[in-house]
Protein chains: 2
Amino acid sequence: MELGTATQLITRLIILWLLSERPLHGYRIKRILADVALRHWFPIETGSIYSVLKTLAAAGLVETEIVEREGQRPERTQFRITQAGREHYRELLRRAWTEVGRSSESFHLALAARSDLDESEIPELLAIRVKSLRQRISELEMASNSAPALAMVEHSRALTLADLTWTESELEKLNNRGATTSDI
Amino acid sequence: MELGTATQLITRLIILWLLSERPLHGYRIKRILADVALRHWFPIETGSIYSVLKTLAAAGLVETEIVEREGQRPERTQFRITQAGREHYRELLRRAWTEVGRSSESFHLALAARSDLDESEIPELLAIRVKSLRQRISELEMASNSAPALAMVEHSRALTLADLTWTESELEKLNNRGATTSDI
DNA sequence: GATTGATTAGTCAATCTTGACTATAATGGA
DNA sequence: TCCATTATAGTCAAGATTGACTAATCAATC
């Protein structure tokens with residue numbers, strides 16, 4: 001079975017990841033993913049959960065386990081990962097380990113289109129970016145550090161730091177240039 | 001006017017970016033974006049171009065300039081950015097400069113779900129990742145270096161290098177551990 | 001002048017994604 | 001006891017995205 005977009009890959013991967021541990025119903029998945037720690041890393045909308053479950057079921061990667069109800073609560077459909085699902089999941093995981101994402105960042109467009117804003121705006125904008133990056137880093141430092149999360153956090157921190165370094169040096173270049181031009 | 005997904009933001013931004021320079025028709029945009037250098041950074045599918053143009057037109061950010069034909073070729077609808085479109089464009093650019101993307105990477109899931117693959121697979125997978133990252137870096141080094149592209153390339157290179165460093169150190173940790181365990 | 005292949009300009013059905021909304025049940029407080 | 005609030009479990013219409021496909025023209029070759 002083929003996958004479409006990058007979004008789709010990650011969404012399926014997340015659902016399969018949760019189901020690989022134990023059978024779950026849609027709403028439970030929704031609640032698990034709503035947890036602050038997870039939502040931050042893997043944001044998925046409510047609708048997508050059910051949509052993806054449906055697709056996975058159609059592909060035989062997941063199957064309806066039971067339709068049960070607790071007390072007079074609404075019915076809920078529990079899903080269980082199949083053998084095929086487990087194999088697919090592990091295959092997706094291998095790809096996730098090896099493939100380097102080609103995320104098209106809007107910041108890159110900003111750089112390419114630099115001349116479309118007043119050059120005088122750029123230092124302020126970069127300063128805001130620096131602030132955002134610092135904020136992100138401090139968030140990461142306070143992040144929960146259970147063992148598996150730790151690697152994620154550290155990887156993310158390393159990349160964000162590199163971004164910060166780059167951005168700061170760009171900003172400094174501008175400030176120096178600005179200083180020399182106006183001081184002479 | 002509000003924007004939905006991150007995908008949507010970048011797609012609109014790209015189209016507005018191209019239109020900010022001169023009026024274009026859909027197919028021309030398609031060809032411009034099909035160029036290797038651009039496709040690499042900002043991949044957009046054919047269908048999305050026309051879809052986004054339609055949305056932008058409905059929002060008054062873009063207007064149909066002329067429907068012309070060259071010789072007996074099919075008609076083509078040319079679009080021109082409006083004043084509102086220019087303002088929106090510049091606003092999106094400011095956001096692109098300042099906002100730090102929260103891209104949900106599947107590699108992070110791979111790290112979180114590390115125990116779902118055999119630990120013995122991990123070194124090979126990391127080695128492949130290292131190779132992919134090296135490849136990406138050498139691609140970036142050969143990349144076209146017109147002035148606006150340069151900043152993009154350097155930023156990307158800095159982040160990819162940080163990723164490489166992180167991944168290599170992770171791999172080395174594993175190799176050392178493997179060596180000591182099996183050598184004693 | 002016929003055939004083949006590339007180019008042009010875009011369409012559209014299938015699929016995916018979003019998030020506001022529904023309908024019921026349990027809970028807490030006055 | 002009654003009412004408001006929150007929790008449960010999901011639906012669905014509206015919008016976004018994909019990419020294979022169409023239908024015509026032009027260019028080159030046989």
Side-chain angles (χ1 to χ4, degrees), chain A residues 1-16 18 23-35 39 42-59 61-62 64-79 102-104, chain B residues 1-16 18 23-35 39 42-59 61-62 64-79 102-104:
Chain A
M1 82 167 304
E2 281 315 299
L3 286 167
T5 57
T7 319
Q8 209 175 124
L9 190 148
I10 181 79
T11 309
R12 285 193 189 189
L13 197 39
I14 292 165
I15 304 266
L16 288 173
L18 295 178
L24 295 168
H25 53 96
Y27 183 66
R28 191 120 175 61
I29 295 179
K30 175 183 174 173
R31 268 175 26 221
I32 293 174
L33 292 174
D35 182 277
R39 188 180 51 211
F42 310 120
I44 305 185
E45 295 306 317
T46 304
S48 301
I49 294 168
Y50 294 92
S51 168
V52 166
L53 280 173
K54 197 176 151 190
T55 311
L56 291 175
L61 301 177
V62 136
T64 303
E65 193 188 37
I66 38 168
V67 178
E68 65 164 25
R69 51 195 315 179
E70 192 169 302
Q72 283 313 297
R73 287 288 167 71
E75 285 191 341
R76 57 197 190 193
T77 310
Q78 188 124 321
F79 293 90
R102 195 177 278 285
S103 71
S104 125
Chain B
M1 79 169 305
E2 280 315 299
L3 286 166
T5 58
T7 320
Q8 208 176 126
L9 189 149
I10 181 80
T11 310
R12 284 192 190 188
L13 196 40
I14 291 165
I15 304 265
L16 287 173
L18 295 177
L24 295 168
H25 53 95
Y27 183 66
R28 192 120 176 59
I29 294 178
K30 172 182 175 172
R31 268 175 28 223
I32 293 173
L33 292 175
D35 183 276
R39 189 180 49 210
F42 310 118
I44 305 186
E45 297 305 318
T46 305
S48 300
I49 294 167
Y50 293 92
S51 167
V52 166
L53 280 173
K54 198 175 151 192
T55 311
L56 291 174
L61 301 177
V62 136
T64 305
E65 194 189 36
I66 37 168
V67 178
E68 65 164 26
R69 51 196 313 180
E70 194 168 299
Q72 283 313 295
R73 295 230 168 258
E75 284 191 341
R76 59 197 189 191
T77 310
Q78 187 125 322
F79 291 89
R102 193 176 282 282
S103 69
S104 126

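Chain A is the first sequence line, chain B the second, and so forth, proteins listed ahead of strands; every chain is numbered from 1.
Residues that satisfy the side-chain contact (heavy atoms from CB on, under 4.5 Å) test with Pro23(B), not counting sequence neighbours, are Glu65(B), Gln78(B), Arg80(B). A search for side-chain contact (heavy atoms from CB on, under 4.5 Å) contacts involving Glu75(A) returns Val67(A), Arg69(A), not counting sequence neighbours. Residues passing the side-chain contact (heavy atoms from CB on, under 4.5 Å) test with Tyr50(B), sequence neighbours excluded: Tyr27(B), Thr46(B). Scored by the side-chain contact (heavy atoms from CB on, under 4.5 Å) test, Thr7(A) finds Thr5(A), Thr11(A) as partners (sequence neighbours excluded). Among residues two or more places apart in sequence or in another chain, the side-chain hydrogen bond (donor to acceptor under 3.5 Å, both in side chains) test is passed with Arg76(A) by Glu68(A), Glu70(A).
As rounded to whole Å, 13 Å separates atom C1' of dC16(C) from atom CD of Gln8(B). In this structure, the CG atom of Leu53(B) is 13 Å from the P atom of dA16(D), given to the nearest Å. Rounded to a whole Å, the CG atom of Leu9(A) is 14 Å from the P atom of dT18(D). When the P atom of dC12(C) is taken as reference, atom CD1 of Ile49(B) falls 17 Å away, rounded to whole Å. One atom, CZ of Phe79(A), and another, P of dA9(D), lie 13 Å apart when rounded to the nearest Å. Going from atom CD of Glu75(A) over to atom P of dA23(C) covers 17 Å, rounded to whole Å. One can place CZ of Arg76(B) at 17 Å from C1' of dA23(D), the figure rounded to the nearest angstrom. The CG atom of Leu33(A) sits 15 Å away from the P atom of dG19(C) (whole-angstrom rounding).
For the OP1/OP2 pair of dG10(D) and a distance below 4.0 Å, the side-chain nitrogens and oxygens of Thr77(A) include at least one atom meeting the criterion. Taking 4.0 angstrom as the limit, Thr55(B) places a side-chain polar atom (N or O) nearer than this to OP1 or OP2 of dA16(D). The side chain of Thr46(B) places no N or O atom within less than 4.0 Å of a non-bridging phosphate oxygen (OP1 or OP2) of dG19(D).
Across dT11(D), dC16(C), dT17(D), the shortest atom-to-atom separation from the side chain of Ser51(B) is found for dT17(D). Side chain of Arg12(B), nearest nucleotide from dT11(D), dG19(D), dA16(D): dA16(D). Of the candidates dT18(C), dT18(D), dT11(C), dT18(D) carries the atom nearest the Glu45(B) side chain, counting heavy atoms from C-beta on. The side chain of Tyr50(A) approaches dA9(D) more closely than any other nucleotide in the set dA9(C), dA9(D), dT17(C).
Closest of all the heavy-atom pairs between Leu56(B) and Arg12(B) is CD2-CD, 3.9 Å. Summarising the geometry of Phe42(A) relative to Leu33(A), their closest heavy-atom pair is O-CD2, 4.4 Å, with the distance given to 0.1 Å.
Within residues 24-32 of chain B, the residues having any heavy atom closer than 4.0 Å to DNA chain C are, in order of number, His25(B), Gly26(B), Tyr27(B), Lys30(B), Arg31(B).
In terms of position along DNA chain C, the nucleotide closest to Gln78(B) lies nearer the 5' end than the nucleotide closest to the other residue of the pair Gln78(B) and Gly47(A).
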